[in-house]
2 protein chains.
Amino acid sequence: MRAARTPAVRGHAGKGNGRIQVPEACVARLSLYVRELGQLKRRRVPFVSSRRLAQQLGLTDAQVRRDLSYFGQFGTSGRGYEVPRLHDRLTTILGVADRTWGVALVGLGNLGSALLAYRGFRERGFAFKVVADADPNKIGRSLYGAQVAAPGDIARLVRQHAVQIGIIAVPVGAAQKVCDALVAGGVRAIVNFAPVTLTAPASVRVRNADLAVELEGLAFHLARENHR
Amino acid sequence: MRAARTPAVRGHAGKGNGRIQVPEACVARLSLYVRELGQLKRRRVPFVSSRRLAQQLGLTDAQVRRDLSYFGQFGTSGRGYEVPRLHDRLTTILGVADRTWGVALVGLGNLGSALLAYRGFRERGFAFKVVADADPNKIGRSLYGAQVAAPGDIARLVRQHAVQIGIIAVPVGAAQKVCDALVAGGVRAIVNFAPVTLTAPASVRVRNADLAVELEGLAFHLARENHR
DNA sequence: CACTGTGAATGCATTCACAGCG
DNA sequence: CGCTGTGAATGCATTCACAGTG
């Protein structure tokens, strides 16, 4: 969940045109806010204070206020934030309100299948436009409403469907080749689940999600606490 | 990802036995170093410089040196770092060299199955000692060498096998209950894949790995770049 | 009042720059 | 030389604290 390859991600350069610099860490929390507000909205909670929101997410109230302030002034003194309004506003800012993002998923092993089946993606504005795998038994078949393509067709299909985000869920050995194909097709961001560092042009955002890294981070801390 | 108070993480300096604070961000990179060094080791590369290691991982050379310096002095002036030695040393520090970590996995849907089947975990020192699911059709069956238990048995089994790490791969509605069971059994760390914030004692480390959050982070940036 | 929004202060993390070593 | 290890400087992110508002 942590970006290994962080190409000095700046919010945005242009101060002149009124764009605000948003800390990267804040962006990461933005979708947590949306998630939580979505629940409150469904429960018809009309207002929420920074304090309560913070408590719910394990943050501090000051941090919630600071984070939200990067995007505008949404609150009412004395009462807090209007839940539906804030939810709508943040959803729009996240870029998942008014539009659907096309996604290309490569690799339909256990993990790839899990991702394809995960309803959360669709609900949150992501659609699998292209799905591919190297297994001849899978190519051509239809899974979860998507026709499985061959690796050789990735670049063409990505371009054809104007897909902007690629997901790599293939074994280590194939990851870089898949990455190249996605880049050739014109994706602008990639989520990589293979435990290897990819090489891609700086214009393409790469985010790594090696699941074992999560566990190892925890192991480090546990090991320390043990030998004390 | 998790925000709560950053606990004092300590490492030991090269000289003396005074313990020094290791930045949390550095810990996250530690397993990347191990991963990369493992590959170099297999290719029988004897030495590697901070420059080359950095290039390979998309970092700066200064950062690599700084990170490694938190754990000791491993390098040789003029030549760089001895690959096998550094690999062994970091593996030990990570806590995945000399021991195996017992893991409890709850939820055997697509994602849970993917995790269970992922060989990377076993290779990197993690063993699924307890596996559970609420589906009566799965309970009692044997998957990937693990007997599937019922949710009601989680706490008991976790304690019995002295499991320290829990993985939650169940739907949102069941996540908190599973979390409670894992905590009752005595786990000290949890990786949560359910898109919800869990409540757990401060002594239990919780790390969230909501896959949609990754995508949304990317969407935010893409949305910004579009409307320029 | 209870709460937001934000300068200012603090605390981390990264980068610079260079002394020192093989 | 080429490269490490590390003070010092810089740049981010979080927290404090309080003026201001409905």
Side-chain angles (χ1 to χ4, degrees), chain A residues 2-13 15 20-30 32-33 45-55 57-83 85-86 89-90, chain B residues 1-16 18 20-30 32-33 45-55 57-83 85-86 89-90:
Chain A
R2 200 128 296 157
R5 161 176 257 227
T6 310
V9 184
R10 295 189 174 236
H12 209 290
K15 246 184 200 165
I20 313 156
Q21 288 243 10
V22 181
E24 193 57 29
C26 165
V27 173
R29 284 188 294 268
L30 185 48
L32 293 186
Y33 292 133
V45 178
F47 280 90
V48 68
S49 67
S50 57
R51 158 98 69 128
R52 254 181 69 78
L53 200 46
Q55 220 157 19
L57 292 167
L59 307 168
T60 70
D61 54 341
Q63 185 159 58
V64 169
R65 289 199 300 277
R66 170 73 70 195
D67 281 351
L68 297 181
S69 79
Y70 283 113
F71 303 108
Q73 308 192 140
F74 308 111
T76 311
S77 302
R79 273 189 295 175
Y81 300 89
E82 211 180 320
V83 170
R85 183 163 163 271
L86 182 56
R89 197 74 193 76
L90 294 187
Chain B
M1 220 116 264
R2 213 189 135 178
R5 319 268 120 82
T6 311
V9 178
R10 300 168 167 277
H12 44 297
K15 32 189 143 176
I20 292 182
Q21 297 244 351
V22 180
E24 192 58 29
C26 164
V27 173
R29 284 187 295 268
L30 186 48
L32 294 185
Y33 292 132
V45 178
F47 279 90
V48 68
S49 67
S50 57
R51 160 97 70 126
R52 252 181 70 76
L53 199 46
Q55 222 156 18
L57 292 168
L59 307 169
T60 70
D61 54 342
Q63 184 158 58
V64 170
R65 291 199 299 278
R66 169 73 69 195
D67 281 350
L68 297 181
S69 79
Y70 283 114
F71 303 108
Q73 307 191 137
F74 308 111
T76 312
S77 301
R79 273 189 296 175
Y81 300 88
E82 213 179 319
V83 170
R85 182 164 163 271
L86 182 57
R89 197 75 192 77
L90 293 187

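Side-chain N/O atoms of B/Ser50 include one lying less than 4.0 angstrom from OP1 or OP2 on D/dT4. Distances shown here put every side-chain N or O of B/Thr76 at or beyond 4.0 Å from the OP1 or OP2 atom of C/dG22. For the pair B/Tyr81 and D/dG5, the criterion of a side-chain N or O lying under 4.0 Å from OP1 or OP2 is met. Between A/Gln63 and D/dT14 there is a side-chain N or O to OP1 or OP2 distance below 4.0 Å.
Per the geometry, CG belonging to A/Leu68 stands 13 Å off C1' belonging to C/dT6, to the nearest Å. B/Gln73 has its CD atom 11 Å from the P atom of C/dG22, to the nearest Å. For B/Gln21 and C/dA13, the CD to P distance is 9 Å, given to the nearest whole Å. At whole-Å resolution of the value, CZ in A/Arg79 and P in C/dC1 are 19 Å apart. Between A/Asp61 atom CG and C/dG5 atom C1' the separation is 12 Å, expressed in whole Å. Look at CZ on B/Phe47: it is 13 Å from C1' on D/dG2, rounded to the nearest Å. Going from atom CZ of A/Arg29 over to atom C1' of D/dT15 covers 12 Å, rounded to whole Å. The distance from atom OH of A/Tyr70 to atom C1' of C/dT6 is 10 Å, rounded to the nearest whole Å.
At the heavy-atom level, B/Gly78 lies under 4.0 Å from base atoms of the strands shown. Base engagement by A/Arg65 is indicated by at least one non-hydrogen atom pair under 4.0 Å involving a base atom. When heavy atoms are screened at a 4.0 angstrom cut-off, A/Arg51 is found touching no nucleic acid atom at all.
Distance alone, capped at 3.5 Å, is enough to place a donor-acceptor pair between the B/Thr60 side chain and the B/Gln63 backbone. B/Thr76 contributes no side-chain N or O that, together with a main-chain N or O of B/Arg79, makes up a donor-acceptor pair within less than 3.5 Å.
A donor N or O paired with an acceptor N or O is found under 3.5 Å between the base of D/dT21 and the side-chain atoms of A/Ser77. Residue B/Arg66 places no side-chain atom within donor-acceptor reach of the base of D/dT6, judged by atom type and a 3.5 Å distance cut-off alone.
The two residues A/Asp61 and A/Ala54 make their nearest non-hydrogen contact at N-CB, 3.5 Å.
Between A/Leu86 and A/Tyr33 there is no side-chain heavy-atom pair separated by less than 4.5 Å. In this structure, B/Tyr81 and B/Arg65 have side chains that are in contact, with non-hydrogen atoms separated by less than 4.5 Å.
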